[in-house]
Amino acid sequence: MRTHRAGDVRPVQVGSSVELCGWVASRRDHGGVVFLDLRDTAGIVQVVVDPDAVAGADVHGVRAEYCLRVTGTVRERPEGTVNPDLATGAVEVAAATIEVLNPSEPPPIPIGDRVDADEMLRLRHRYLDLRGERLQRNLRLRATVNSAIRTAMEAQGFVEVETPMLVASTPEGARDFVVPSRLSPGEFYALPQSPQLFKQLLMVGGLDRYYQIARCLRDEDLRADRQFEFMQLDAEMSFADGDDVRAVISDAVKAAAERVTGEPVGEIPVLTYAEAMGRYGSDKPDLRFGLELVDLNHVFGATEFRAFQADSVKGIRWPGQAELGRGRLDALIDRAKQLGAAGLVWVKVRDGATLESPTVKFMSEAEQVGLADATGAEAGDLLLIVAGARRMVDAVLGTIRNDLGRPPVHEGGLHFCWVVDFPLFEDLADDGSPIPAHHPFTAPHPDDVGLLDSARGDELLTVRSQAYDLVCNGWELGSGSVRIHDGALQSRIFELIGIDAETAQARFGFLLDAFRYGAPPHAGFAFGIDRLVGILAGEENIREVIAFPKTQSGADPLTGAPTPVDDRHLRELGIQVRPKK
RNA sequence: GGUCCUGUGGUGCAGUUUGGAGUGCACGCCGCCCUGUCAAGGCGGAGGCCGCGGGUUCAAAUCCCGUCAGGACCGCCA
């Protein structure tokens, strides 16, 4: 039907006949001459129509988003009418014939690079929104990322294996989406939260290096960076440790980023969890900006200032902000309190390193000097200090750091980092048993295995694991770990987290059974494609990189999902729906 | 489960603080004019359950209560 794509027409085609298909992006009808901007997936080209000379449809009747086939001749634009904003702006197509392939009603949302339509309308008419530059660009970028990842993984000997979508439900982790079984009424499949167990079985099965761009489903509340269903690069390696896995994943992520941006991504730095929390107050630190947390414990170790007599005293130096007004300072204090701190002390640094604050009078001379030294304070800076329990101080200052300095997603380049040595347990349950931070197959750090037996209570929370996260610009892209392949150690972990042998066998028996047959040491990783694509596309919201996303309440305004189903259908499944309260 | 923001012709907004006639802006739509525009321009026109329900009031887009929808966040996401 066509010889070229509209957006591909260039001066080399001047003089030749072309046949183009696309949509009317805009029309400018001057009566005696009509300009049509014809859009297709490659871009826009200007078609010039002389109503008296053109064959086919009445050009005055053509409207926005009509689907057209245009034949004509490419010519240089007359002097002074070149449009530098268009890739095709040096040329235009003089129309010989115009064929209306399909007319269009006036579109309910504007189509183009402008993005001011209500998102509900955009989703309801997604097929129109998809015609616009933004989603076209984002979906192509996404395809590029997928392709680069596949190429990189295959080059390293990884085999793509598909795992089932109908799996067994497990009580751990996120809420499962559940699928009723017709052949076993009253029983249910779950949709996979991830291929976790299957990929470990593939290792036992000798596949050695597995990967999959896998769809994962979790029935949890949606967010700007979370949908019910999302894609992960899921991978697992045998005879490999965390370093091996991180090297492979770094390679794939870098390949994707480089294919998209054209810029090399440098070596990805590795931080320990303790370092990330200590310096950035976050396990997903945004390394695009400074404002690092400064430890002040050595300065205020013997202080008379009651507010600073605490487990941890830390601060942030905010350069050049000493003129901040009372209102902003009070807002920072409120923010700190809202985040769980008892308060927040601000100190303004004046000329000659004089400190100004309602609290300076409580600090000794040596403490004031020490504070200025430790933070590297210069005249004009503002210091923000929080004291209290160590975890709270880090968390509060980490959040405030992001409040103060975090740039929009499209600014500041790409700053990946690995965070390693995560704690094995995130907290203690009410009965005192530790709650796993990752999943129960995560191997403890080799240096801390002894602690599993000796540690009591809170001490267990210091046990490190061999779990690691990949972070970019403050977004958690994904996580992985070295898995336990030793049956005795696995039993010990189950015991610690309060899963007795019987329960473990009932839930994970098939995996534990498999591990009895010479399971290889293995480690793996999974990261979210949607989030990576979001960052690379400069989008704050992953709905912008998904063709057909759902709203925050889990609805699809286009198809109307979710919907009720027929009673007959329910009866077949042995399901009765309870009336709403 | 919770906190906050938003809801006004087809679209994007202003109007809500301080109640007084559906008032306004831009885009789009319809008609006419127009041979170099590119978000074309000119003239004219149509188009409204102010999300929905209730309350207060002589009077509600505006104040109050509830509810629905969308969004941001907390909880949740091993």
Side-chain angles (χ1 to χ4, degrees), chain A residues 24-39 44-53 59-61 63-65 75 77-86 88-89 92 94 104-125 128 170-176 193-194 196-197 216-228 230 338-340 399 403 422 424-427 429 434-442 465 467 476 478-479 481 493 497 499 507-508 526 528 531 540-541 543 549-555 557:
Chain A
V24 176
S26 77
R27 74 196 159 93
R28 295 174 292 280
D29 188 342
H30 293 223
V33 62
V34 180
F35 300 97
L36 297 176
D37 285 347
L38 192 69
R39 180 204 329 109
I44 284 176
V45 72
Q46 172 165 282
V47 175
V48 186
V49 186
D50 178 346
D52 297 327
V59 67
H60 297 299
R63 293 291 180 270
E65 299 309 321
R75 68 187 185 201
R77 290 196 184 199
E79 197 164 339
T81 65
V82 167
N83 185 347
D85 297 330
L86 282 183
T88 60
E92 60 191 11
S104 172
E105 291 179 25
I109 54 168
I111 296 165
D113 52 352
R114 290 183 288 281
V115 289
D116 50 0
D118 180 76
E119 197 177 352
M120 179 74 165
L121 278 173
R122 293 179 55 207
L123 292 178
R124 183 172 296 147
H125 304 281
L128 292 178
T170 52
E172 279 75 26
R175 194 177 294 111
D176 282 324
Q193 298 176 25
S194 80
Q196 180 62 38
L197 299 170
C216 305
L217 299 107
R218 295 177 189 174
D219 186 6
E220 298 291 350
D221 287 4
L222 288 67
R223 288 281 196 285
D225 61 353
R226 274 163 34 192
Q227 285 271 305
F228 282 153
F230 56 99
Q338 173 204 338
L339 293 168
T399 302
D403 288 352
F422 266 75
L424 190 60
F425 306 115
E426 66 176 17
D427 212 341
I435 302 166
H438 199 51
H439 56 64
F441 315 111
T442 305
S465 70
E476 182 194 323
S479 59
S481 62
I493 295 287
I497 62 181
I499 297 180
R507 288 184 197 165
F508 312 113
R531 289 184 184 177
E540 303 277 356
N541 195 304
R543 291 190 296 272
K550 295 200 171 37
T551 66
Q552 198 164 59
S553 61

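All values below were derived from every heavy atom in this structure, side-chain atoms included, with hydrogens, water molecules and symmetry-related copies excluded. Within every chain, numbering begins at 1; the chains are lettered A, B, ... in the order of the sequence lines, protein sequences first and strands thereafter.
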Pairwise [atom1] distance, [M] and [N] [rounded to whole Å]:
| N | M | atom1 | value |
| --- | --- | --- | --- |
| B:C73 | B:C27 | P | 34 Å |
| B:G71 | B:G54 | C1' | 26 Å |
| B:A46 | B:U16 | P | 28 Å |
| B:G22 | B:C30 | P | 30 Å |
| B:C77 | B:A14 | C1' | 40 Å |
| B:G75 | B:G66 | P | 26 Å |
| B:G24 | B:G47 | P | 14 Å |
| B:G15 | B:C63 | P | 12 Å |

Would you call [X] and [Y] a side-chain contact if the rule is heavy atoms closer than 4.5 Å?
| X | Y | value |
| --- | --- | --- |
| A:Asn83 | A:Gln46 | no |
| A:Pro440 | A:Ile497 | yes |
| A:Ile493 | A:Thr442 | no |
| A:Arg39 | A:Ser26 | no |
| A:Arg63 | A:Val24 | no |
| A:Thr551 | A:Glu119 | no |
| A:Arg27 | A:His60 | no |

Which part of the nucleic acid, if any, lies within contact of [X], taking any heavy atom under 4.0 Å across all strands shown: a base, the sugar-phosphate backbone alone, or nothing?
| X | answer |
| --- | --- |
| A:Ala437 | sugar-phosphate |
| A:Gln196 | base |
| A:Ile44 | nothing |

Is [N] paired to anything, Watson-Crick or G-U wobble with both distances less than 3.5 Å, and if yes, which nucleotide?
| N | value |
| --- | --- |
| B:G24 | B:C13 |
| B:A59 | none |
| B:C30 | B:G44 |
| B:U67 | B:G51 |

Considering residues at least two apart in sequence or located in another chain, which fulfil the ring-ring contact (aromatic ring centres under 6.0 Å, His included) criterion with A:Phe35? A:His30
Side-chain donor or acceptor of A:Arg77 paired with backbone N/O of A:Val82 under 3.5 Å: no
For a quick test of reading the model, state the closest non-hydrogen atom pair linking A:Gly32 to A:Pro51 and the distance between them. O-CD, 3.1 Å
Between atom [atom1] in [X] and atom [atom2] in [N], what is the gap in whole Å?
| X | N | atom1 | atom2 | result |
| --- | --- | --- | --- | --- |
| A:Asn83 | B:A40 | CG | C1' | 12 Å |
| A:Arg27 | B:C27 | CZ | C1' | 14 Å |
| A:Leu339 | B:U3 | CG | C1' | 14 Å |

Starting at the 5' end of nucleotides 31-37 of chain B, put B wherever the base has a protein heavy atom under 4.0 Å, S where only the sugar-phosphate does, and a dash everywhere else. S--BSBB
Considering heavy-atom distances to RNA chain B, does A:Ile109 or A:Glu220 have its closest nucleotide positioned more toward the 5' end? A:Ile109
Look for any protein N or O under 3.5 Å of an N or O in nucleotides 66-74 of chain B and output each such pair with its distance, or none.
from  : atom 1 : to       : atom 2 : distance (Å)
B:G70 : OP1    : A:Thr551 : OG1    : 3.2
B:G70 : OP1    : A:Ser553 : OG     : 3.1
B:G70 : OP2    : A:Ser553 : OG     : 2.9
B:G71 : OP1    : A:Gln552 : N      : 3.1
B:G71 : OP2    : A:Gln552 : N      : 2.7
B:G71 : O3'    : A:Arg543 : NH2    : 3.1
B:G71 : N7     : A:Gln552 : OE1    : 3.4
B:A72 : OP1    : A:Asn541 : ND2    : 2.6
B:A72 : OP1    : A:Arg543 : NH2    : 3.1
B:A72 : OP2    : A:Gln552 : NE2    : 2.8
B:A72 : N7     : A:Gln552 : OE1    : 3.3
B:C73 : OP2    : A:Ala224 : N      : 3.4
B:C74 : OP2    : A:Arg223 : NE     : 3.3

Can you find a donor-acceptor pair, distance only, under 3.5 Å between A:Arg226 side chain and B:C77 base? yes
